Structure formats: structure tokens, C-alpha cells
Amino acid sequence: MPGTLAAIHFPPLNPDLIRFGPFAIRWYGLAYLAGFAGAYLVLRRLARSGYIALSETQVGDLLSWLIAGVMVGGRAGWWLFYHRGNGAAEPWYEPIALWHGGMSFHGGLIGVAVALVAWTRWNRAPFWSLADGLAVVAPIGLFFGRLANFVNAELVGRPTQVPWGVIFPGESFA
């Protein structure tokens with residue numbers, strides 16, 4: 001049809017920002033770092049202004065628990081929900097092999113929930129107030145995570161005819 005726009009072909013993006021031999025700084029890792037840094041800054045501001053009942057020191061402590069929750073839960077969720085049935089040669093090793101990649105959103109969510117419950121009980125802090133604070137900062141991490149998924153050409157959707165659709169490698173325009 002004349003005058004219609006075609007879908008956009010996926011740009012040649014490299015998942016590695018920079019590589020040093022076998023080591024690499026990946027966009028995906030930087031997305032996690034940016035999400036956690038953004039969460040820290042916003043939570044610290046919420047604590048300063050009294051919207052959440054935490055001191056600035058407690059914000060850093062809570063965030064360290066949440067980072068552990070995201071990492072352990074995300075990796076465990078990936079292994080349990082997606083990888084466990086793939087017949088890995090060393091199934092006991094794969095859940096801790098972070099350098100092999102693989103994280104799960106719902107595993108990370110469960111990990112954060114467990115970490116938040118544990119931290120609030122350990123510190124006798126108000127759970128629902130902090131949960132509200134996390135609801136404010138979670139979109140920061142989700143935003144950076146989705147950008148990293150795009151760079152990695154992950155989470156490809158179904159074929160579409162809309163002109164702003166993206167044709168990913170190995171896919172065709174429907």
C-alpha cells in the first residue's frame with residue numbers, strides 16, 4: 001500500500017557495553033545498577049521528607065536486603081520456572097552460575113517480598129509504609145530492565161502489522 005510505513009528492523013545493538021577478554025560490562029547489568037541507584041535516591045528522599053518511616057542509614061540497609069531478594073529470587077525463579085527441565089549437565093551448579101544469565105521477574109518479585117517481610121520484622125519497621133515506598137520505586141527498575149530486554153532482543157511479542165512494530169532477528173513481519 002503506497003504511503004504506509006513499514007515495521008522497524010531491530011537495530012544492531014551489542015549486549016556488551018565493553019569487553020575485556022572473557023570479562024564484559026553488559027547493558028543488562030548496568031540496567032540493574034541504574035534501577036537500584038534510582039531506587040536508593042528516591043527512597044532516601046522519601047525518608048528525608050517523612051513519607052516513609054526510615055532513616056537514611058536504614059534506606060541503605062533495606063536496599064541491600066532488596067538487592068539480595070531480587071538477585072536470589074530472580075535467579076531461583078528463572079531456574080525453577082524455565083531452566084530446570086532443560087537437562088543441564090550440572091543442575092546443582094546452574095542456579096548460582098550468574099554469569100550464565102537468566103533472571104525471572106516473578107522470582108525477583110517473590111524475592112523482594114520475602115526480603116521486605118524479613119527486613120521489616122527484623123527491624124520492627126512498618127511493612128505497609130515501606131511497601132508503598134517500594135511501589136513508588138519499582139517502576140524505575142522495571143523501566144531499565146525493559147530497556148535491557150530490548151537491547152538483548154528478549155521478550156519478543158507476537159507479530160504485528162502496526163508501523164511502530166519491531167522486527168527482531170529471526171522473526172518476520174506478519
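Quantities reported herein were computed from a predicted structural model and do not represent experimental measurements.
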Candidate pair L134 and V112, rule side chain to side chain contact (heavy atoms under 4.5 Å, CB included), full reasoning: CA-CA 10 Å; L134 293 187; V112 164; 4.2 Å; yes
Steps toward side chain to side chain contact (heavy atoms under 4.5 Å, CB included) verdict (L116, W65): CA-CA 8 Å; L116 181 61; W65 283 57; over 6 Å; no
Stepwise side chain to side chain contact (heavy atoms under 4.5 Å, CB included) check, L130 with L54: CA-CA 9 Å; L130 298 181; L54 292 179; 3.5 Å; yes
CA sep, side-chain torsions, deciding dist, call: Y32, Y28, ring-ring contact (aromatic ring centres under 6.0 Å, His included): CA-CA 7 Å; Y32 272 83; Y28 207 83; 5.5 Å; yes
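Judged by distance alone, the side chains of D61 and W119 do bring a donor and an acceptor atom under 3.5 Å apart.
In this structure, the separation between CD1 on I52 and CD on Q58 is 9.5 Å, given to the nearest 0.5 Å. To the nearest 0.5 Å, the span separating CG on L63 from CZ on F36 amounts to 7.0 Å. Here the OG atom belonging to S64 is positioned 11.0 Å from the OH atom belonging to Y40, to the nearest 0.5 angstrom. Here CZ of R121 is found 9.0 Å from CZ of F127. Values are rounded to the nearest 0.5 Å. Atom CZ of residue F105 and atom CZ of residue R146 lie 7.5 Å apart, to the nearest 0.5 angstrom. Note: W27 CH2 to L13 CG = 9.5 Å, rounded to the nearest 0.5 Å.
Hydrophobic clustering of Ile, Leu, Val, Met, Phe, Trp and Tyr side chains at less than 4.5 Å, counting indirect connections, unites V59 with L41. Cluster annotation: F150 and L142 are assigned to distinct hydrophobic clusters (Ile/Leu/Val/Met/Phe/Trp/Tyr, side-chain heavy-atom contacts under 4.5 Å, transitive). If you chain together hydrophobic residues whose side chains sit under 4.5 Å apart, V114 and W128 never meet in one group. The hydrophobic clustering, which links ILVMFWY residues whose side-chain heavy atoms are closer than 4.5 Å, places L62 and V117 together. Hydrophobic cluster membership is shared by V151 and V156, with clusters built from Ile, Leu, Val, Met, Phe, Trp and Tyr side chains linked at under 4.5 angstrom.
The main-chain N or O of D16 is found under 3.5 Å from a side-chain atom of N14 such that the two form a donor-acceptor pair. Although no hydrogens or angles enter the test, the distance criterion places a donor-acceptor pair under 3.5 Å between the side chain of R75 and the main chain of G102.
Around the OH atom of Y51, the shell of radius 6.0 Å holds no more than 12 heavy atoms that belong to other residues, nucleotides or ligands. Residue R45 places its CZ atom among 12 or fewer non-hydrogen atoms of other residues, nucleotides or ligands, all under 6.0 Å distant.
Across every non-hydrogen atom of I140 and A39, the tightest pair is CD1-N, 4.3 Å. Pairing each heavy atom of P15 with each of N152, the nearest pair is CB-OD1, 3.1 Å. Nearest heavy-atom pair, E154 versus N149, reported as atom, atom and distance to 0.1 Å: OE1-ND2, 2.5 Å. For the residue pair A115 and G69, the shortest heavy atom distance occurs at CB-CA, 4.2 Å. The shortest heavy-atom contact between W78 and S104 is N-CB, 3.2 Å. Minimum interatomic distance between P126 and A53 (heavy atoms only, all atoms of both residues): CG-CB, 4.0 Å.
Aromatic ring orientation, H106 versus F81: tilted (interplanar angle from 30° to 60°).
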